[in-house]
Amino acid sequence: MLNRRTVLKSLAAGAGAGLLSQPFGMTRAFAADHAALKINVPGNTLGVHVPYMAAINEILPELGEPAAAWERVPKLQTITQSILSGQTEVGAGDAISTLRAVEAGADLKIIGNAFMHTSLVFVVNGDKVDTLKDLEKDDVTIAVNSKGDFTHVMVVGPATQAGVDMDKVNVIKMGGSGNRFRALLAGKVDGVPLHFDQAAELATQGNFKVLIEPAKVYEAFLGEVWIVSGNWLEVPENRARAKALLTATTMAFRKANADAGWYADMYRKYGTKESMQTASDEEIEVVRQALGVDIGTWPNDMNHRMGVYEQLLPVYEAAGAIKGSVDLNKVVDTSLIDEVLAELG
């Protein structure tokens, strides 16, 4: 199902497509007696999440690590807080709330991307909202995962550019894209961030339309990132476990980009929507092409670079999500992914 154009794009997406011809058992450099990583992930697994879910469940054991012990947490801010409290070791969380916590004195590290960019789009009830300026109406309410996180910033940036006074917009918090989907469908709210495959499903059920596509607004946009505490990462054994996680994630990205059949199998196995478990190869391939090729959510080199944060920091500050005082060198750790890429090619 892969045409030549797709293969070439996949190979060109990162330094390193040499892994694609090698089996997952190519390296067992990690100790087999490590404890399972305790990981918090968001409440739903949709198309964009499939590779990292496969990484923590399927690929880690191929590296000599136990499959991760993971738990679903609806709110992204709660994932960050769970790491601060020591309730979990790793989070597939939100870069913005992490940066904000570090500004407040927290010892957190962002070590890689669970996925790059975002499959989220901002969907509205077309009967009440026609343009972004309509968000200022008194009878219009929008829901985001948490105020100040990336689901909020993805709306604030483009809306502000369009002349919207965000102080006039009614914004409520609602964790979980599935919850927001149902709330918009039921008319309880008028605009929400949803994954594009959810938006496509919603469009068949009423007058709903996409107002914002972050992938078309931002050159790079951070979705979910791998977060750990600084103290935890200083322990050599934990550092090795974190490196194994990034290796598995990178391998999963490359596998998703190159192998339609593998992605389809993982999509059906880990997708939380009932329709995902019975989707046809053709339906899943539309999702894979959109995410992997059009949006580029799974870079072959993970694209965990300081430059991405330097570009987005002013955006986050302008949206009021952070103060802008954070020292990126203290929170964004690229050393592990550098080692992973050097080993994988």
Side-chain angles (χ1 to χ4, degrees), residues 48 75-77 94-100 103 116-200 202-203 205-224 294-295 308-326:
V48 74
K75 290 189 177 181
L76 294 174
Q77 283 186 332
D94 170 47
I96 298 174
S97 61
T98 304
L99 295 173
R100 191 162 56 244
E103 283 186 324
M116 188 65 191
H117 295 293
T118 180
S119 67
L120 289 175
V121 293
F122 184 63
V123 186
V124 297
N125 178 348
D127 292 333
K128 295 181 67 175
V129 179
D130 184 46
T131 69
L132 286 170
K133 282 292 286 183
D134 290 333
L135 298 181
E136 295 180 353
K137 294 179 179 178
D138 291 339
D139 64 341
V140 170
T141 299
I142 70 173
V144 299
N145 190 293
S146 298
K147 288 186 179 180
D149 72 5
F150 82 88
T151 67
H152 187 208
V153 170
M154 66 169 272
V155 177
V156 172
T160 301
Q161 291 178 4
V164 176
D165 183 352
M166 289 303 297
D167 290 336
K168 296 180 179 179
V169 180
N170 298 316
V171 182
I172 64 171
K173 296 187 291 183
M174 186 176 296
S177 59
N179 293 331
R180 295 192 296 272
F181 178 100
R182 290 185 288 272
L184 182 59
L185 183 61
K188 295 180 180 179
V189 294
D190 308 298
V192 297
L194 293 176
H195 294 278
F196 82 92
D197 39 355
Q198 292 173 309
L202 195 63
Q205 301 185 50
N207 185 20
F208 301 100
K209 64 180 184 178
V210 173
L211 276 192
I212 299 172
E213 296 180 71
K216 294 183 179 179
V217 177
Y218 301 99
E219 179 180 347
F221 195 81
L222 292 168
E224 291 167 25
D294 298 339
I295 301 177
V308 171
Y309 287 81
E310 291 170 346
Q311 291 175 7
L312 289 174
L313 205 65
V315 176
Y316 296 161
E317 186 177 359
I322 62 172
K323 297 176 183 177
S325 61
V326 66

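Note that the numbering runs from 1 along the sequence shown for the chain.
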Might you work through the side-chain contact (heavy atoms from CB on, under 4.5 Å) test for Glu310 and Val308, ending with a clear yes or no? CA-CA 5 Å; Glu310 291 170 346; Val308 171; over 6 Å; no
Carefully, step by step, assess Leu313 and Val326 under the rule side-chain contact (heavy atoms from CB on, under 4.5 Å). CA-CA 9 Å; Leu313 205 65; Val326 66; 3.9 Å; yes
Apply the test side-chain contact (heavy atoms from CB on, under 4.5 Å) to residues Glu136 and Asp165: give CA-CA distance (whole Å), side-chain angles for both, the deciding distance (0.1 Å), then the verdict. CA-CA 7 Å; Glu136 295 180 353; Asp165 183 352; 3.6 Å; yes
Run the side-chain contact (heavy atoms from CB on, under 4.5 Å) check on Val140 and Asn170 step by step: do they pass? CA-CA 7 Å; Val140 170; Asn170 298 316; 5.8 Å; no
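Inter-residue side-chain proximity for Glu224 and Val48 is flagged as unmet; no heavy-atom pair is nearer than 4.5 Å. Between Val124 and Asp130, every side-chain heavy-atom pair lies at or beyond the 4.5 Å cut-off. With a 4.5 Å cut-off on side-chain heavy atoms, Phe150 and Asn145 do not count as touching. Glu103 is listed as a side-chain neighbour of Ile322, based on a closest heavy-atom distance under 4.5 Å.
From Ile295, atom CD1 reaches atom CE of Met116 across 12.5 Å, with rounding to the nearest 0.5 Å. Distance check, rounded to the nearest 0.5 Å: NZ of Lys188 to CD1 of Ile172 gives 10.0 Å. Here Leu184 contributes atom CG and Asn179 contributes atom CG; the two are 12.5 Å apart, rounded to the nearest 0.5 Å. Within the model, atoms OH of Tyr316 and CD of Gln311 stand 10.5 Å from one another, a figure rounded to the nearest 0.5 Å. In this structure, CE in Met174 is found 9.5 Å from OG1 in Thr141, a value given to the nearest 0.5 Å. Rounding to the nearest 0.5 angstrom, the gap separating the OG atom in Ser97 from the NZ atom in Lys75 is 12.5 Å.
For Lys173, the NZ atom is loosely surrounded, since the number of other residues' heavy atoms within 6.0 Å does not exceed 12. Heavy-atom contacts from other residues, nucleotides or ligands closer than 6.0 Å to CG of Asp138 number 12 or fewer.
Of all the heavy atoms in Ala321 and Arg100, the pair that sits closest is O-NH1, 2.8 Å. Scanning all heavy atoms of the two residues, the minimum distance from Val153 to Tyr218 falls at O-OH, 3.8 Å. Across all their heavy atoms, Phe181 and Gln205 have their closest contact at CZ-NE2, 4.0 Å. Here the shortest heavy-atom pairing between Asp190 and Val129 reads O-CG2, 4.3 Å. Scanning all heavy atoms of the two residues, the minimum distance from Phe208 to Leu202 falls at CD1-O, 3.5 Å. Contact detail for Leu132 and Ala159: the closest heavy-atom pair is CD1-CA, 4.0 Å.
Thr151 places no side-chain N or O within 3.5 Å of a backbone atom of Pro193 that could act as its donor or acceptor partner. Checked by atom type and distance alone, the side chain of Gln77 never pairs as donor or acceptor with a backbone atom of Ser146 at under 3.5 Å. The backbone N or O of Val144 lies less than 3.5 Å from no partner atom in the side chain of Arg180, so there is not a single donor-acceptor pair. A donor-acceptor contact shorter than 3.5 Å links the side chain of Lys133 to the backbone of Gly163. A donor-acceptor pair under 3.5 Å is formed between the side chain of Lys128 and the backbone N or O of Asp139.
In summary, of the residues considered (Val192, Val169, Val189), a side-chain contact (heavy atoms from CB on, under 4.5 Å) with Ile142 occurs for Val169 alone.
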